[in-house]
S.K.: 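Quick one: the structure is below, questions incoming.
This one's a predicted model, so the numbers in the text were calculated from it and none came from an experiment. So you know, we letter chains A, B, ... as the sequences are listed, proteins then strands, and number each from 1.
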There are 2 protein chains.
Amino acid sequence: MTDVKTAINPLFLREEELRQGVELLFFAYRDFTAEPDAILAEYGFGRAHHRVIYFVGRNPAMTVSDLLDILRITKQSLSRVLGQLVREGFVVQRPGSRDRRQRLLELTIKGVELERRLTERQRVLFAKAYRDAGAEAVEGFRKVMLGLIAPEDRSRFPVKR
Amino acid sequence: MTDVKTAINPLFLREEELRQGVELLFFAYRDFTAEPDAILAEYGFGRAHHRVIYFVGRNPAMTVSDLLDILRITKQSLSRVLGQLVREGFVVQRPGSRDRRQRLLELTIKGVELERRLTERQRVLFAKAYRDAGAEAVEGFRKVMLGLIAPEDRSRFPVKR
DNA sequence: CTTTATATGTCAACATGACTGACGTAAAAA
DNA sequence: TTTTTACGTCAGTCATGTTGACATATAAAG
């Protein structure tokens, strides 16, 4: 019987390649969240707070519904972390002008400061990885990652230029 | 005052590019875990069980310590999910032959079946993304992802061939 | 103008998976 | 023989997700 691992076996190579993809994503995500987690702990916050601060900073005046669509959690889950962030002065809510049922979300100065502090580490990590890999590799990274993301969310990443 | 977004501003472009990286990772991870989570729920398991089953399947006869190093969680946290998997017959433990303090981990047939069922979805997802992006993009993806991973774990991904 | 739908919020109960800290056992290494 | 290592367990706590029920204000439809 031929050894499935040493023979030239396209099916095995494929499986191996795909498993490496799975693992790359696991390890990258694990290491990508480690640094901000440590900072968040100083504030008594967790990863969920980071996500809210990040996306509110990125999409000023976004609605609660839009944020829920991004995070894919229930409003009750969001409510806990968002409520904390509002009470502690990192996020403000104001009624929408067109639709006054909406509570548009915005970071305060304090919120912007924390956002930058948290995300800076992650930007530095990406800057290093991008620099070491080169522009062409970054383009490939983008392509593969977009393919992993649900089609309805791909439009969040418009083509550059 | 010049609009920082419309002017040709290399610093802004860089920040935008880096933020896109952060978001690509967030969305990809979110969507990559969604399908297995649904299957796990049938068994009354969670994502933590998946990680254990995955890595034990990938590294047969691995030690508990090695698994802890990969997962970066405490032994108490691991103990709960691992204990369940052992009790329910997905994983077996046997003493190491060289070092009998070790409890080497292995999937049972049942464990292998669940592992394949869970990971198949993720492999299909990667297969699609890889096929759509092309071989060159996959190489770039690999390079960037490796750069994001802590140096001590990069050796888990040997160069192909 | 009345009804219905939508955006948001809240209360309560529960599950998962992480943590810390303390203590225990068996086997390897010094 | 003593110390260290690999692993396990008990107990308590916290963060973050869930479901389900109910409430309020406003927009949209009839």
S.K.: Looking at DNA chain D, which of residues 94-108 of chain B put a heavy atom within less than 4.0 Å of it?
M.R.: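 Residues of residues 94-108 of chain B that come under 4.0 Å of DNA chain D are, in numerical order, Arg101(B), Gln102(B), Arg103(B).
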S.K.: Write down the atom of Glu106(A), the atom of Ala61(A), and the distance for their closest heavy-atom approach.
M.R.: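 Scanning both residues, the minimum pair turns out to be OE2-N, 3.7 Å.
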S.K.: Quick test of your reading of the model: are Glu113(A) and Arg117(A) salt-bridged, counting only N-O distances below 4.0 Å?
M.R.: no
S.K.: Could you check whether the rings of Phe45(A) and Tyr43(A) sit parallel, tilted or perpendicular, using 30° and 60° as the cut-offs?
M.R.: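 Parallel, since the angle between the ring planes stays under 30°.
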S.K.: Establish, with yes or no, whether the OP1 or OP2 oxygen of dC19(C) is under 4.0 angstrom from a side-chain nitrogen or oxygen of Ser77(B).
M.R.: yes
S.K.: Taking only the side-chain nitrogens and oxygens of Thr74(B), find out if one of them lies under 4.0 Å from OP1 or OP2 of dA18(C).
M.R.: no
S.K.: Measuring from atom CZ of Arg51(A) to atom CG of Leu78(A), what distance do you get when rounded to the nearest 0.5 angstrom?
M.R.: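 Between Arg51(A) CZ and Leu78(A) CG, I get 11.0 Å after rounding to 0.5 Å.
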S.K.: For DNA chain D, find the residues of residues 61-70 of chain B with a heavy-atom distance under 4.0 Å and give them by number; none if there aren't any.
M.R.: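 The stretch gives Thr63(B), Val64(B), Ser65(B) as the residues lying under 4.0 Å from the strand, ordered by number.
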S.K.: Glu42(B) CD to dT16(C) P: how many Å, rounded?
M.R.: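 So the two atoms are 15 Å apart, to the nearest Å.
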S.K.: Can you see which heavy atom on Asp31(A) is nearest to which on Leu125(A), and at what distance?
M.R.: O-CD2, 4.4 Å
S.K.: Tell me what Gln93(A) touches on the nucleic acid: a base, only sugar-phosphate, or nothing, going by heavy atoms under 4.0 Å.
M.R.: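 If one applies the 4.0 Å heavy-atom cut-off, Gln93(A) turns out to touch the sugar-phosphate alone, with no base involved.
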S.K.: When the distance from CG of Leu85(B) to P of dG8(D) is rounded to whole Å, what number comes out?
M.R.: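 Nearest whole value for this atom pair: 13 Å.
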S.K.: Using the rule that Ile, Leu, Val, Met, Phe, Trp and Tyr join whenever any side-chain heavy atoms are under 4.5 Å apart, tell me whether Leu71(A) and Leu68(A) fall into a single cluster.
M.R.: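 Leu71(A) and Leu68(A): one cluster.
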S.K.: Tell me the interatomic distance from Lys75(A), atom NZ, to dA23(D), atom P, rounded to whole angstroms.
M.R.: 13 Å
S.K.: Would you call the rings of Phe141(B) and Phe141(A) parallel, tilted or perpendicular, where under 30° means parallel and over 60° means perpendicular?
M.R.: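 Correct class here is parallel.
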S.K.: How many whole angstroms separate atom CZ of Arg72(A) from atom C1' of dT16(D)?
M.R.: 18 Å
S.K.: Restricting to side chain to side chain contact (heavy atoms under 4.5 Å, CB included), what partner residues turn up for Gln76(B), sequence neighbours left out?
M.R.: Thr74(B)
S.K.: Identify whether the distance between the nearest side-chain nitrogen and carboxylate oxygen of Lys143(B) and Glu139(B) falls below 4.0 Å.
M.R.: no
S.K.: Grab the stems for DNA chain D, please: at least three consecutive Watson-Crick or wobble pairs, both distances below 3.5 Å, written as range with range.
M.R.: C:1-30 with D:1-30
S.K.: So does Glu120(B) have more than 12 non-hydrogen atoms from other groups sitting under 6.0 Å from CD?
M.R.: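 Count not over threshold, so no.
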S.K.: Which heavy-atom pair separates Val144(A) from Ala133(B) by the least distance, and what is that distance?
M.R.: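 Closest approach of Val144(A) to Ala133(B), heavy atoms only: CG2-CB, 3.7 Å.
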S.K.: Decide, yes or no, whether a salt bridge links Arg123(B) with Glu17(A) under the criterion of side-chain N to carboxylate O below 4.0 Å.
M.R.: no
S.K.: Verify the cluster assignment for Val22(B) and Met145(A): are they in a single hydrophobic cluster under the rule of side-chain heavy atoms below 4.5 Å apart?
M.R.: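 Yes, Val22(B) and Met145(A) fall within the same hydrophobic cluster.
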S.K.: Atom CD of Gln76(B) to atom C1' of dA11(D): distance rounded to whole Å?
M.R.: 11 Å
S.K.: To the nearest angstrom, how far is Arg80(B) atom CZ from dT13(D) atom P?
M.R.: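 The distance from CZ of Arg80(B) to P of dT13(D) comes to 15 Å, rounded to the nearest Å.
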S.K.: Expressed as a whole number of angstroms, how long is the span from Ile73(A):CD1 to dT8(C):P?
M.R.: 14 Å
S.K.: Check DNA chain D against residues 28-41 of chain A and give the residues with a non-hydrogen atom under 4.0 Å, in numerical order.
M.R.: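 Those residues whose heavy atoms fall under 4.0 Å from DNA chain D, taken from residues 28-41 of chain A, amount to none.
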S.K.: May I ask you to say whether Asp69(B) pairs ionically with Arg156(B), meaning some side-chain N is under 4.0 Å from a carboxylate O?
M.R.: no
S.K.: So if you build clusters from Ile, Leu, Val, Met, Phe, Trp, Tyr with side-chain heavy-atom gaps below 4.5 Å, do Leu105(B) and Val92(B) land together?
M.R.: no
S.K.: Can you tell which of Phe157(A), Phe32(A), Phe55(A), Tyr54(A) makes a ring pair (Phe, Tyr, Trp, His ring centres under 6.0 Å) with Phe26(B)?
M.R.: Phe55(A)
S.K.: Check each residue of residues 46-54 of chain A for a non-hydrogen atom within less than 4.0 Å of any atom in DNA chain C, then write out the ones that pass by number, or none.
M.R.: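 By residue number: none to list.
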